Amino acid sequence: MEKKIDRYTPATIEEKWRDRWALSGLHNTPDVSDKPNFYFLTMFPYPSGEIHIGHWYAFAPPDAAARFLRMRGHNVLFPMGFDAFGINAENAAIDRGIHPAVWTEKNMAHMRDQFNRMGAAIDWRREVVTCYPEYYRWNQWMFLKLFEKGLAYRGDAPVNWCPRDETVLANEQVIAGRCERCDTLVVRRQMTQWFYKITQYADELLKFEGLDWPERVRVLQTNWIGRSEGVELAFAVEGHVGDAIRFFTTRPDTIYGATFMVLAPEHPLVAKITAPAKQAEVERYVETARNMAEIERTSAEREKTGVDTGAFARNVFTGERIPIWVADYVLATYGTGAIMAVPGHDERDFAFAKKYRLEIREVISPDGKEHDRLDAPYIGEGSMVRSGPCSGMQSENGKKAVAEEAKKRGIGGPSVTYRLRDWLISRQRYWGTPIPIVHCERCGAVPVPYDRLPVVLPRDVEFTGRGGSPLTHVAAFVDTTCPKCGGPARRDTDTMDTFVDSSWYMYRYVDPKYDKGFMNKDLGKKWLPVQQYTGGVEHAILHLLYMRFMAKALRDLGELWFDEPALRFRYQGTIVFKGRKMSKSRGNVQTPDAYVEKYGADTLRLFMMFMGPWVDGADWDASGIEGVHRFLRRVWEMAQAEAQPPGPRDPDVDRAVHRTIAKVTEDLQTYSFNTAVAAMMELSNVLQHATGPSRDEGVSTLLLLLAPFAPYLTEELWERRGGRGSVHRQSWPAFDAAMAAAKEVTLVVQIDGKVRERIIAPAGISTAAAEDLALASPKVKAALDGRVIERKIVVPDRLVNIVTKQRS
RNA sequence: GCCGGCGUAGUCCAAUUUGGCAGGAGACAACUCCCUUAAGAGGAGUCCAGUGCGGGUUCGAAUCCCGCCGCCGGCACCA
């Protein structure tokens, strides 16, 4: 009797299970259970309004990995939320007159729904939304704590300004001179802003001990921090007692070749020391530099420019007067913003000296001899020449000698400089966390008392897109009284960088409603630190660095009991479309909706994981989606076929099943989703031609293996096959090495590396027996005719290679 | 310029960790045949590279080493 199997209609079964799972609370994670807790976190999205293909790629594979861990016996926390502050919402308000809060709320509602369609096993009871006052009040609380500790400070510095977004940016948000968000060329501005002192943790951030993070991310962070060892020295300025110029160098051994000094245009001493005759020229130069786009100014290709200040410094080591120049090839934001220029041994100084006819002197010689003319700077190490008492020393020793001498004279000593700058957190935008500071004419910058938090972002605001931050025009917000003296005062109208929000959100998920602190520590102790974190590699030196910093700062405030927020990190590559990054402005964003409708969420999930290695990303091309859909349809048919009549087991089928268990288990641990899917396809190909109990059991095992990948289909089939409870509550199939082991192997027989014969042999055959078997083969005998055997190499269960030479 | 990573059938990829049969693990596309349908589809099979190029190590190299070429990231006047 033929059993009639209905067609696989994903839309029906997916809707059915979405409802049932929601009702039964299948995805809710208890804080305590009989299983060990496991915190699996994936970077939360910005609520742009649409879950696109890139989101699927970021979320579907980790969801499968988290589901896998559940079946492996862990109590897995897999939360989701929204990084809900940010400039897009504000721009929507300006362009379309929708309030950012309304726009964001609408988008989140839509995206939650899309997440659920994807079948993501999210415990929504723990959702975190960063734009709610109950969340951002803890941003403010942390700010005040950091302020008390000196880890938050207000400083006047040259900062990155994005003219399009009309706000300052942190260094990490400037990519190749352009705004990370909108790609606009960034300019420098001198401004007083709030900073978080991430540089205090520079050395600790370089340590990755105990962290299972990809090499690539560690290298990116290490380079970004840019630790550099050297000495810091000071040269006195002629006629300006007490205004010595401090500078950093990694090559103190070249100090006898320092024939001039250079200050960055923003250096505070420039105005002070410039000779009256040069004043106009210097001012003009500084002004020009100030107005230059950052990218142009820092381009190494551009010809160097500068002006003489007319002032002189004294090179303590040579005793010479050396001119002080101003040039924009010296960066105000690195080291002390000043250098000793050694044109003989530095390419940049050499080019500058050539152009302005400054003295170029050789003080390091590769061969120990003095040379009169240098055609190019010599960058390497060597022996010191024309270096007074140090002459004849090797660079290596000279470095120490100079450092010691400087220390003795009290003008400097060993020093370490970092490329990393403090994190600028102020933003001149509305849709963010208000900085909890009040400016009083008498008391200065006064922190808002803890009991008056949160400082709530006013809702009633006009969005014109002109005249700076909308907050500055809201009198009800700005006008306040000083918490200290009670006099009239103004609130700080800047808001915090949204990366502040995301630097600690992982602590909030454990109990997002908790109102006695940023984290419910009793529950936090059961979950933290995060055991597995996933997300895009583009955050390697943004979010991931800030998040590590914040953990260390909170630890030092006594709020955390660990050093690192996430122990293991894995990233996904980027999905591009026709070789270009997907973005709204390019108008090439690919949406999943049509595919979900046609093939179902399970197919799209599976396809996302099948496209290729997850770390590699891919160029979006849906042409292969039919293949995975066909596979699911075959599983659908196979799992509902008549039960097999009783009969003998089939060891070949059993072996295929257990090898697949091993393969999928391993691949899920290493995030090799593509090969896991391939292995399941292979198994289904085997099962289709199998019979007997091995087939029935194999199909059940396949459903379990497939459950994390295709949660809807497997749940439906599990039910139809009379499975008890949810397939997602089942234990992961156990691997049986004995069943996976082959009883027979194919031995390849090579003669001089060329394959001549294949022999079926029992597995585990001894070396001697394998050799005998090979030599007994007629084909081998024929091939050996006229040759002498030199040696035999046997790889157990794989091959026999017979090395010969011509019989002489 | 510097630092990473990657080059395998028409396409996406596997085998690289641990050197051991590339009659490719899995797919897409194309083609042939079979079976079907209201339309979709389904099944069986065929086609297709010798691993970017050159050298080396080895009994044996896609895999290890060296040098080129190409592509993709990141950094880039950081003293």
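Owing to the predicted nature of the structure, the values given are computational and were not obtained by experimental measurement. Just so we're on the same page: letters track the sequence lines, and every chain starts at 1.
Here B:rG50 sits opposite no nucleotide as a Watson-Crick or G-U wobble pair (both hydrogen-bonding atom distances under 3.5 Å). Using the Watson-Crick or G-U wobble rule with both distances under 3.5 Å, B:rG4 pairs with B:rC72. Across all strands shown, B:rA9 forms no Watson-Crick or G-U wobble pair with both distances under 3.5 Å. Across all strands shown, B:rG60 remains unpaired; no Watson-Crick or G-U wobble contact has both distances below 3.5 Å. Both distances falling under 3.5 Å, in either a Watson-Crick or a G-U wobble arrangement, occur for no nucleotide opposite B:rA25. Base pairing of B:rA15: no nucleotide in any strand meets the Watson-Crick or G-U wobble criterion (both distances under 3.5 Å).
Taking the C1' atoms as reference points, B:rG23 lies 25 Å from B:rG7, given to the whole Å. With both ends at atom C1', the span from B:rC47 to B:rA41 equals 23 Å, rounded to whole Å. Between B:rU17 and B:rC65, the two P atoms lie 10 Å apart (nearest whole Å). For the C1' atoms, the distance linking B:rG19 with B:rC28 amounts to 31 Å, nearest Å. Using P as the reference atom, B:rC6 and B:rC13 are 14 Å apart when rounded to the nearest Å. For the P atoms, the distance from B:rG45 to B:rC53 is 33 Å, rounded to whole Å. For the C1' atom pair drawn from B:rA15 and B:rU51, the interatomic distance equals 11 Å after rounding to whole Å.
Contact between the side-chain N/O atoms of A:Arg216 and the OP1/OP2 oxygens of B:rC3 is not found at any separation under 4.0 Å.
For A:Tyr329, the side-chain atoms get nearest to B:rC77 when compared with the rest of B:rC75, B:rC77, B:rA79. When the nucleotides B:rC77, B:rC59, B:rG20 are ranked by their closest atom to the side chain of A:Val795, B:rG20 comes out on top. Of the candidate nucleotides B:rA79, B:rG20, B:rA27, B:rA79 has the atom lying nearest to any side-chain atom of A:Tyr334. Of the candidates B:rG20, B:rA76, B:rA27, the closest approach to any side-chain atom of A:Arg419 belongs to B:rA76. Taking only side-chain atoms of A:Asp328, from C-beta outward, the nucleotide of B:rA44, B:rC77, B:rC59 with the closest atom is B:rC77. Of the candidate nucleotides B:rC77, B:rG20, B:rA27, B:rG20 has the atom nearest to the side chain of A:Arg798. Comparing B:rC75, B:rA79, B:rA14 by their nearest atom to the side chain of A:Asn674 picks out B:rA14. Side-chain proximity of A:Glu682 to the nucleotides B:rG26, B:rC77, B:rA44 is greatest for B:rG26. Comparing B:rC75, B:rC77, B:rG43 by their closest approach to the side chain of A:Arg302 singles out B:rC77. Closest approach to the A:Val803 side chain among B:rC59, B:rA14, B:rG26 is made by B:rC59 (side chain taken as heavy atoms from C-beta onward).
For A:Glu347, the CD atom counts as loosely surrounded, since its 6.0 Å shell holds 12 or fewer non-hydrogen atoms of other residues, nucleotides or ligands. Atom CZ of A:Arg798 has 12 or fewer neighbouring heavy atoms from other residues, nucleotides or ligands inside a 6.0 Å radius. Within a 6.0 Å radius of CD in A:Glu597, other residues, nucleotides and ligands contribute 12 heavy atoms or fewer. Around CD of A:Glu637, the count of heavy atoms belonging to other residues, nucleotides or ligands within 6.0 Å exceeds 12. Within a 6.0 Å radius of NZ in A:Lys355, more than 12 heavy atoms belonging to other residues, nucleotides or ligands are found. Other residues, nucleotides and ligands place no more than 12 heavy atoms under 6.0 Å from the CZ atom of A:Arg246.
A:Phe610 comes within 4.0 angstrom of a nucleotide base, judged by non-hydrogen atoms across all strands. Residue A:Val262 is classed as having no contact, given no heavy-atom separation below 4.0 Å to the nucleic acid. At the heavy-atom level, A:Asn685 lies under 4.0 Å from the strands shown only through sugar-phosphate atoms.
Taking the six-membered ring where the residue is Trp, the centroids of A:Trp620 and A:Phe577 are separated by 6.0 Å or more. The six-membered or imidazole ring of A:His629 lies near that of A:Tyr8, with a centre-to-centre distance under 6.0 Å.
Across the protein-nucleic acid pair, A:Leu545 atom CG and B:rC75 atom C1' stand 15 Å apart, rounded to whole Å. Computed from coordinates, the A:Leu683 CG to B:rG26 P distance equals 12 Å when rounded to whole Å. Nucleotide B:rC77 holds its C1' atom 9 Å from the CG atom of A:Asp346, rounded to whole Å. A:Tyr57 places its OH atom 12 Å from the C1' atom of B:rC12, with the value rounded to the nearest Å. Atom pair A:Lys792:NZ and B:rG20:P shows a separation of 23 Å (rounding to whole Å applied). Here the C1' atom of nucleotide B:rG4 and the CG atom of A:Asp616 are 14 Å apart, to the nearest Å. In this entry the distance linking CD1 of A:Ile379 with C1' of B:rC77 reads 12 Å, nearest Å. Between the NZ atom of A:Lys663 and the P atom of B:rU17 there is a distance of 14 Å, rounded to whole Å.
A heavy atom closer than 4.0 Å to some atom of RNA chain B occurs in A:Leu220, A:Ser228, these being the qualifying members of residues 219-232 of chain A.
Between A:Phe235 and A:Phe247, the ring planes lie perpendicular to each other; the angle is over 60°, past the 30° to 60° tilted range. Between A:Trp614 and A:Tyr671, the two ring planes are parallel [angle under 30°; tilted spans 30° to 60°]. Ring geometry, A:Phe735 versus A:His658: the interplanar angle falls from 30° to 60°, so the pair is classed tilted. Ring geometry for A:Tyr334 versus A:Phe248: interplanar angle over 60°, hence perpendicular rather than tilted (30 to 60°).
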Would you list the protein and nucleotides 8-10 of chain B atom pairs, both N or O, that sit under 3.5 Å from each other?
none

If you restrict it to nitrogen or oxygen atoms, what contacts under 3.5 Å exist between nucleotides 38-41 of chain B and the protein, and what is each distance?
from	atom 1	to	atom 2	distance (Å)
B:rA41	O3'	A:Arg633	NH2	2.9

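The glycosidic torsion of B:rG4 lies more than 90° away from 0, placing the base in the anti range. B:rG50 takes the syn form, because its glycosidic angle lies no more than 90° either side of 0. Base orientation of B:rG40: syn, the glycosidic angle falling within 90° of 0.
Ion pairing of A:Arg188 with A:Asp328 is absent here, as no side-chain N (NZ or NE/NH1/NH2) approaches a carboxylate O to less than 4.0 Å. Using a cut-off of 4.0 Å between Lys/Arg side-chain N and Asp/Glu carboxylate O, A:Glu381 and A:Lys399 are scored as salt-bridged.
Under a cutoff of 6.0 Å and an axis angle of 45°, A:Arg605 and A:Trp56 do not form a cation-pi pair.
Comparing A:Gly335 and A:Ala618 against RNA chain B, the residue whose closest nucleotide sits nearer the 5' end is A:Ala618. Of the two residues contacting RNA chain B, namely A:Thr746 and A:Met340, the nearest-nucleotide position lying further toward the 5' end is that of A:Thr746.
Between A:Val330 and A:Gly337, the closest heavy-atom pair is CG1-O, 3.6 Å.
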